[in-house]
Amino acid sequence: MIKLYNTLAGKKEEFKPLEEGKVRMYVCGLTVQDRPHIGHIRAAVTADILKRYFEYSGYTVTLVTNFTDIDDKIIAKSQETGEDFRKIGSRIIEEYLENSDRLNIKRADYYPEATKHIQEIQEFIVKLIEKGFAYVSEGNVYYDVSKFSGYGKLSGKNLDELRVGARVEPDETKRNPVDFALWKAAKPGEPWWESPWGRGRPGWHIECSAMSMHYLGETFDIHGGGADLIFPHHENEIAQSEGVTGKPFAKYWVHNGFLNLSGEKMSKSIGNVVLVSDILKIYEPDVVRLYLLSTHYRSPMDYYEERLKEQEGGYQRLKQVLFLLSQERGDGGESEKEVIERFREAMDDDFNTPKALSVIYSYTKDIFEIMKENPGRLWIISAKRTLKEMLGVLGLFELEEAEYIKQDEELIELLLNLRSDLREKNLFELSDKIRDGLKKLNIEIEDTQEGSRWKKV
RNA sequence: GGCGGUAUAGCCAAGUGGCUAAGGCGACGGUCUGCAAAACCGUUAUUCACCGGUUCGAGUCCGGUUGCCGCCUCCA
């Protein structure tokens, strides 16, 4: 039984899918105005862990992660640099997906972009106007927040307080300062699309409502994203979607905590960002994953490079134990139920990855100990399977087996070179020892005029 | 000001009322070793921000205080 914290309920709840055996989830990706930083990837890894663990638990998961590729900031950036706004978007999307692949984040099933769903967005707005939730004002369309009685239920805010909040930008064309734009009229020089209300572009929140409904239906299981999206973004999405359908939008709302830098939220506007691309130049992807998973996804995290570096110790340890176990080739066997059980308990409890990692680490300790006593082949294969099963759910060390094979090959080359040197010095007793030793490992050496070759037999 | 979160060892971090407070990193001591690395063993929180309360029993529940963070404006 998986429990997850639902922001809407303010507590952990048992996960019950809307449709047996299936999980439909939508996670807000990024607004593609700037290169992805480590905070963005924390959200992506969080979504990835949910997807992987649900799949491991037998669910079929449909994951949608959007890219908002048109908004004020992107336009501003485009006007500033002269680069076409579409180009900015596609460049950043490319970098994001490349980072994401390197970190072994499973691809979402869909990565919809706002500008490719203008049709759906407009249809959505039309419905909101028809139902009286939205009004047109000088080429803009606004959502009339006062018409939606549930407004504030996600973020725990109430309208009166929001109205008092002076920080909401007053706009003469709005009826009420808290109303938000569904469609924005284009100013001269801005990108636009034709619409029933004149040339313009979608507002910020509408694309997520339109696209999530398009790909996942009117009601789906999980909606997620960073904690800063709770208000106003997700609150507004609820108002839009439930306004149109009259049905609950998402059943569970999952928000990941922030990654702060020097005690402050990592943010483009403050300028204190650490790019994923820069981190990956220095650290192994698995080290970065271990780092992100070492804190529960809802807890805030402070970024310090030393803490990332710290993870290298654990990384080496895990690598070492896998290497030790890889002496027995082959997979299969049974995994150790009791260990897996503890792992699942941790993950069932709102995806508690730090706890899950502690199960892995203490199991690693057991393996080292038992390996000293020459356990049988079956035990080793079972241990390997158990360990890889758990690591796989966390998306760790999935590429290692192939690497070890490569490492073995390099090792054999090293021995052959050593043997050649010995033969040149006529130290045949030692060189034969190498040949006999390798033969026992089913590796045969053939000496040819061009040098030594080897093959597995 | 309102809302939400958080406070556990040198650092990171579990702990969702009950045996001696997980796990990792680091540090120190030891075993092993030609040297080194790895591995292994041991040590490293009488105490969980503070003050009260509930309870046979609280890090865990309740009330209060303080610190830190986030949201309330674009933001993963």
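What you are looking at is a predicted structure, and each value in this text was computed from that prediction instead of being measured. Note on naming: letters A, B, ... go to the chains in the order of the sequence lines (proteins, then strands), and numbering restarts at 1 for each one.
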Mind checking if [X] touches a base, just sugar-phosphate, or nothing, with heavy atoms under 4.0 Å?
| X | result |
| --- | --- |
| H255(A) | nothing |
| K12(A) | base |
| R42(A) | nothing |
| S155(A) | sugar-phosphate |
| I230(A) | nothing |
| G224(A) | nothing |
| R298(A) | nothing |
| D72(A) | nothing |
| G39(A) | base |

So which nucleotide does [N] pair with, by the Watson-Crick or G-U wobble rule with both distances under 3.5 Å?
| N | result |
| --- | --- |
| U43(B) | A27(B) |
| A36(B) | none |
| C56(B) | G18(B) |
| G63(B) | C51(B) |
| G1(B) | C72(B) |

Let's see if you can work this out: which of [options] has an atom nearest to the side-chain heavy atoms of [X]?
| X | options | answer |
| --- | --- | --- |
| H296(A) | A14(B), C40(B), A76(B) | A14(B) |
| L259(A) | G5(B), A14(B), A76(B) | A76(B) |
| Q33(A) | C74(B), C25(B), G70(B) | C74(B) |
| N260(A) | G24(B), C69(B), G23(B) | C69(B) |
| P232(A) | G5(B), C74(B), A76(B) | C74(B) |
| T295(A) | A13(B), C71(B), A39(B) | A13(B) |
| K365(A) | C72(B), A76(B), C40(B) | C40(B) |
| D71(A) | C71(B), C74(B), A39(B) | C74(B) |
| H37(A) | A76(B), A14(B), G70(B) | A76(B) |
| E310(A) | C12(B), A76(B), A14(B) | C12(B) |

Grab the [atom1]-[atom2] distance between [X] and [N] for me, whole Å please.
| X | N | atom1 | atom2 | result |
| --- | --- | --- | --- | --- |
| L308(A) | G26(B) | CG | P | 14 Å |
| I360(A) | A13(B) | CD1 | P | 18 Å |
| F368(A) | A39(B) | CZ | P | 6 Å |
| M371(A) | C40(B) | CE | C1' | 14 Å |
| E312(A) | A37(B) | CD | P | 18 Å |
| L97(A) | A76(B) | CG | C1' | 15 Å |
| W253(A) | C71(B) | CH2 | P | 18 Å |
| Q316(A) | G26(B) | CD | P | 10 Å |

Quick check: are there more than 12 heavy atoms from other residues, nucleotides or ligands sitting under 6.0 Å from CD of E94(A)?
no

Would you call [X] and [Y] a salt bridge, using N to O less than 4.0 angstrom?
| X | Y | value |
| --- | --- | --- |
| D71(A) | K73(A) | no |
| D69(A) | K116(A) | no |
| D109(A) | K51(A) | yes |
| D286(A) | K319(A) | no |
| K153(A) | E242(A) | yes |

Nucleotide by nucleotide, 5' to 3', does protein get under 4.0 Å of the base (B), only the sugar-phosphate (S), or neither (-) in nucleotides 30-35 of chain B, counting heavy atoms?
------

Phosphate oxygens OP1/OP2 of [N]: is one of them under 4.0 Å from a side-chain N or O of [X]?
| X | N | answer |
| --- | --- | --- |
| N352(A) | A13(B) | no |
| R307(A) | C11(B) | no |
| T31(A) | A76(B) | yes |

Can you check ring-ring contact (aromatic ring centres under 6.0 Å, His included) on Y283(A) and Y291(A), steps first, answer last?
CA-CA 11 Å; Y283(A) 296 96; Y291(A) 169 72; 9.0 Å; no

For the [atom1] atoms, the ones on [N] and on [M], what distance do you get once it is rounded to whole angstrom?
| N | M | atom1 | result |
| --- | --- | --- | --- |
| A22(B) | U60(B) | C1' | 15 Å |
| A58(B) | U47(B) | P | 15 Å |
| C12(B) | G17(B) | C1' | 27 Å |
| A39(B) | G24(B) | P | 12 Å |
| A9(B) | G70(B) | P | 22 Å |
| C50(B) | A13(B) | C1' | 23 Å |
| C62(B) | G4(B) | P | 14 Å |
| G26(B) | G63(B) | P | 41 Å |

Under the rule for side chain to side chain donor-acceptor pair (under 3.5 Å), what residues qualify as partners of R199(A), not counting sequence neighbours?
E194(A)

Let me know which of F54(A), Y5(A), F343(A) forms a ring-ring contact (aromatic ring centres under 6.0 Å, His included) with F351(A).
F54(A)

Considering heavy-atom distances to RNA chain B, does G313(A) or H233(A) have its closest nucleotide positioned more toward the 5' end?
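Checking each residue's closest nucleotide, the 5'-ward one belongs to G313(A).
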
Name the residue closer to the 5' end of RNA chain B, choosing between H205(A) and E369(A) according to the nucleotide with the nearest heavy atom.
E369(A)

Quick one: salt bridge (charged side-chain N to carboxylate O under 4.0 Å, His left out) partners of E369(A), sequence neighbours excluded?
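Per chain and number, E369(A) pairs via salt bridge (charged side-chain N to carboxylate O under 4.0 Å, His left out) with no residue.
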
base_contact_polar (C3(B) base, K157(A) side chain, donor-acceptor, <3.5 Å):
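Checked by distance alone, the answer is no.
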
Taking the side chain as every heavy atom from C-beta outward, state whether L50(A) and V27(A) have any pair of such atoms under 4.5 Å apart.
no

Can you tell me how far apart OH (Y303(A)) and CD1 (I38(A)) are? Round to the nearest 0.5 Å.
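Those atoms lie 6.5 Å apart.
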
